[in-house]
2 protein chains.
Amino acid sequence: MKNDSFDLKEKFGLHIKRLREDRGLALRDMATKCELDYSQISKIENAKWDVQLSTIFELAKGLDVEAKELLDFKI
Amino acid sequence: MKNDSFDLKEKFGLHIKRLREDRGLALRDMATKCELDYSQISKIENAKWDVQLSTIFELAKGLDVEAKELLDFKI
DNA sequence: TAATTTGTGGCAGTATAATACCACAAATCA
DNA sequence: TGATTTGTGGTATTATACTGCCACAAATTA
């Protein structure tokens with residue numbers, strides 16, 4: 001895996017978590033809005049995975065945002 | 001894999017290819033600017049892979065754009 | 001206190017992204 | 001024409017994302 005130095009996964013996970021909490025969504029709520037298991041989302045937020053493109057688009061569905069907004073954070 | 005219906009990988013690949021060609025970069029040129037093999041980039045452009053987050057950021061380095069711009073296309 | 005909600009993390013199995021090569025054909029150029 | 005550049009695709013191996021489930025503790029609520 002690349003980009004390990006500046007901990008991309010961690011920044012991404014925190015960004016997702018922030019967006020979710022801003023919307024007052026529980027993991028289980030968000031999971032009902034997309035094709036992801038709530039435990040998956042938890043793992044993503046906690047930087048366990050280097051998520052794939054299709055997963056990013058699912059997260060966007062769950063958060064009602066455009067996918068590109070999910071990459072809008074400082075690395 | 002999710003999002004199969006609207007062919008996310010294909011749209012993404014075409015978007016990458018367009019950005020690269022707009023910059024007059026050959027695959028081998030672009031590959032020198034990031035931690036990707038030129039044959040990898042070819043496969044991504046041709047929708048062979050559901051790329052990971054870290055790979056998206058590498059592609060962005062190779063194209064001198066912000067990662068979020070790589071998700072800025074219509075699905 | 002009791003019941004519910006919430007987040008975390010474990011598990012096993014499957015699919016596939018990533019890596020690092022290389023060969024080849026077609027296009028481009030000298 | 002001959003040399004170089006360019007894109008495509010093959011291969012074998014390794015790592016890990018994903019799936020779907022579930023148990024648990026802590027926090028929240030009634």
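Each chain gets a letter, A, B and so on, in the order its sequence line appears, and its residues count up from 1. This structure is a prediction, so every number in the text was calculated from the model and none was measured.
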When rounded to the nearest 0.5 Å, the distance separating CG of A:Leu59 from CG of A:Leu70 is 6.5 Å
Based on the rotation axes of five pairs at each end, what angle does the helix from C:dT1-D:dA30 to C:dA30-D:dT1 bend through, to 10°? 60°
Does B:Gln52 put a side-chain nitrogen or oxygen below 4.0 Å from OP1 or OP2 of C:dA18? yes
A:Gln40 side chain near D:dT19 phosphate (N/O to OP1/OP2, under 4.0 Å): yes
Please report the distance, rounded to the nearest Å, between CD in B:Glu58 and C1' in C:dA18. 12 Å
Could you state the atom-to-atom distance from CD1 of B:Ile41 to P of C:dT19 in whole Å? 11 Å
Crowding at CD, A:Glu21 (>12 non-hydrogen neighbours, <6.0 Å): yes
Neighbour count above 12 (heavy atom, 6.0 Å) for B:Arg18 CZ: no
Taking 4.0 angstrom as the limit, do B:Lys33 and B:Asp64 come out as a salt bridge? yes
Side chain to side chain, A:Phe12 and A:Asp50, heavy atoms closer than 4.5 Å: no
Run the side-chain hydrogen bond (donor to acceptor under 3.5 Å, both in side chains) test against A:Lys43 and tell me which residues pass, sequence neighbours left out. none
Tabulate atom names and distances for all N/O pairs under 3.5 angstrom spanning the protein and nucleotides 3-10 of chain D.
unit_1	atom_1	unit_2	atom_2	d
D:dG7	OP1	B:Arg20	NH1	2.9
D:dG7	OP2	B:Leu27	N	2.7
D:dG7	N7	B:Arg28	NH1	2.8
D:dG7	O6	B:Arg28	NH2	3.1
D:dT8	OP1	B:Lys17	NZ	3.3
D:dT8	OP2	B:Ser42	OG	3.3
D:dT8	OP2	B:Asn46	ND2	3.3
D:dG9	OP2	B:Lys48	NZ	3.3
D:dG10	O6	B:Lys43	NZ	2.8

